[in-house]
Amino acid sequence: MTGLNLSQFKARIVLPVVQAMGQGGDAALNLLTGTALVESGLSYLAQLQGPALGLWQMEPATHDDCWANWLRYQPDMARRILMLCGMTGSPDAEATVWNLRYACAMARVKYLRAPSALPAANDAAALSAYHKQNYNTALGAANAAHNVGLFQQAIAA
């Protein structure tokens, strides 16, 4: 077995983050758990051939954009994230490598900026498509049809 235990990861990292952010619900919980599975297999802290960092494989430019163009206009949310993660100031993207809660919170912020509502919590195909459209992008390497099984694992965990 490689990577982290999925059930523990979901219960001890993802669930507390979405609850503390006030952006919880089973759809967010399963989406974020599935996203980490798809992006890093819960194994890689840095992309092998690229700039993405952390279990959610967020690129530094995306991280910085979340702060510059969304969180700076959401001071209560920014404070909540920093407090939850035991951080101060404006963290560097590198923090997504060593602070799992922070990386999860930033992935949730990325999804909060998406224009469409979250799909049903137990619809693995819809969660996978939502990930592809709103996190990975049309030009990204993710394959929504192929990743349905990973989102199903996230739902079941």
Side-chain angles (χ1 to χ4, degrees), residues 2-119 121 127-128 130-137 139-142 147 150-151 153-155 157:
T2 61
L4 300 172
N5 177 279
L6 184 58
S7 295
Q8 288 184 11
F9 175 76
K10 185 176 179 179
R12 294 181 173 266
I13 301 298
V14 183
L15 180 61
V17 167
V18 295
Q19 287 177 335
M21 289 178 70
Q23 299 296 326
D26 289 341
L29 179 63
N30 293 337
L31 178 65
L32 289 166
T33 303
T35 298
L37 272 174
V38 168
E39 293 291 331
S40 70
L42 294 183
S43 295
Y44 293 96
L45 296 175
Q47 191 175 26
L48 296 177
Q49 298 292 323
L53 299 170
L55 294 179
W56 284 268
Q57 295 290 285
M58 181 174 281
E59 294 188 4
T62 301
H63 170 275
D64 295 349
D65 183 68
C66 285
W67 277 100
N69 295 308
W70 199 80
L71 281 168
R72 85 177 203 176
Y73 301 109
Q74 307 287 330
D76 290 337
M77 178 65 70
R79 267 192 300 281
R80 201 175 301 160
I81 290 169
L82 293 174
M83 183 181 296
L84 163 73
C85 301
M87 304 171 87
T88 59
S90 53
D92 185 89
E94 190 71 25
T96 62
V97 172
W98 55 266
N99 190 320
L100 297 181
R101 286 185 171 184
Y102 180 66
C104 183
M106 291 307 293
R108 184 65 183 115
V109 166
K110 170 78 170 129
Y111 280 124
L112 286 171
R113 299 176 71 187
S116 53
L118 293 178
L127 290 167
S128 185
Y130 192 89
H131 160 261
K132 175 64 179 168
Q133 180 180 3
N134 296 294
Y135 197 89
N136 185 257
T137 76
L139 299 176
N147 292 333
L150 294 172
F151 280 93
Q153 287 178 42
I155 291 166

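Keep in mind that this is a model prediction, so the values were computed, not measured. Hydrogens, waters and symmetry mates play no part in the numbers below; they use all other heavy atoms, side chains included.
Residues Leu32 and Val17 form no side-chain contact, since every pair of their non-hydrogen atoms from C-beta on lies 4.5 Å or further apart. Residues Thr96 and Pro91 are not in side-chain contact: their nearest non-hydrogen atoms beyond the backbone lie 4.5 Å or more apart. Between Met58 and Tyr135, the closest side-chain pair of non-hydrogen atoms falls below 4.5 Å. You'll find the side chain of Ile13 stays beyond 4.5 Å of the side chain of Leu4, heavy atoms only.
Tyr102 meets the side-chain hydrogen bond (donor to acceptor under 3.5 Å, both in side chains) test with His63, Trp67; sequence neighbours excluded. Considering only residues two or more places apart in sequence or on other chains, Phe9 meets the ring pair (Phe, Tyr, Trp, His ring centres under 6.0 Å) condition with Trp56. Not a single side-chain hydrogen bond (donor to acceptor under 3.5 Å, both in side chains) links Gln57 to another residue, sequence neighbours left out. Considering only residues two or more places apart in sequence or on other chains, Asn99 meets the side-chain hydrogen bond (donor to acceptor under 3.5 Å, both in side chains) condition with none of them. With sequence neighbours excluded, no residue satisfies side-chain contact (heavy atoms from CB on, under 4.5 Å) with Ser90. Every residue two or more places apart in sequence or in another chain that forms a side-chain contact (heavy atoms from CB on, under 4.5 Å) with Ser116 is listed here: Tyr130, Asn134. With sequence neighbours left out, the side-chain hydrogen bond (donor to acceptor under 3.5 Å, both in side chains) criterion links Lys132 to Asn136. Residues satisfying the salt bridge (charged side-chain N to carboxylate O under 4.0 Å, His left out) test with Arg72, not counting sequence neighbours, are none.
Considering CG of Leu150 and CD1 of Ile155, their distance stands at 11.0 Å, rounded to 0.5 Å. Leu45 CG to Leu55 CG: the interatomic distance, rounded to the nearest 0.5 Å, is 5.5 Å. One distance of note links CD of Gln74 with CG of Leu112; it measures 8.5 Å at 0.5 Å rounding. Once rounded to the nearest 0.5 Å, the distance linking CD of Gln153 with CG of Leu37 reads 6.0 Å. Going from atom OG of Ser7 over to atom CZ of Arg12 covers 11.5 Å, rounded to the nearest 0.5 Å.
In terms of heavy atoms, Ala27 sits closest to Ala121 at N-CB, 3.4 Å. Shortest non-hydrogen contact noted between Gly54 and Val97 is N-CG2, 4.0 Å. Of all the heavy atoms in Leu53 and Ala46, the pair that sits closest is CD2-CB, 4.2 Å. Summarising the geometry of Pro16 relative to Ala11, their closest heavy-atom pair is CD-O, 3.3 Å, with the distance given to 0.1 Å. Here the shortest heavy-atom pairing between Gly89 and Leu82 reads O-CD1, 3.2 Å.
Residues in residues 79-108 take part in these salt bridge (charged side-chain N to carboxylate O under 4.0 Å, His left out) pairs, two or more places apart or across chains: Asp76-Arg79. For the side chain to side chain donor-acceptor pair (under 3.5 Å) condition, the pairs that include at least one residue of residues 27-42, sequence neighbours left out, are Lys10-Asn30, Thr35-Tyr111, Glu39-His131. Residue pairs meeting the salt bridge (charged side-chain N to carboxylate O under 4.0 Å, His left out) criterion with at least one member in residues 59-71, sequence neighbours excluded, are Asp65-Arg113. Residues in residues 13-29 take part in no salt bridge (charged side-chain N to carboxylate O under 4.0 Å, His left out) pair, two or more places apart or across chains.
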Before giving the answer on side-chain contact (heavy atoms from CB on, under 4.5 Å), spell out for Val109 and Ile81 the whole-Å C-alpha distance, their side-chain angles and the decisive distance to 0.1 Å. CA-CA 10 Å; Val109 166; Ile81 290 169; 3.6 Å; yes
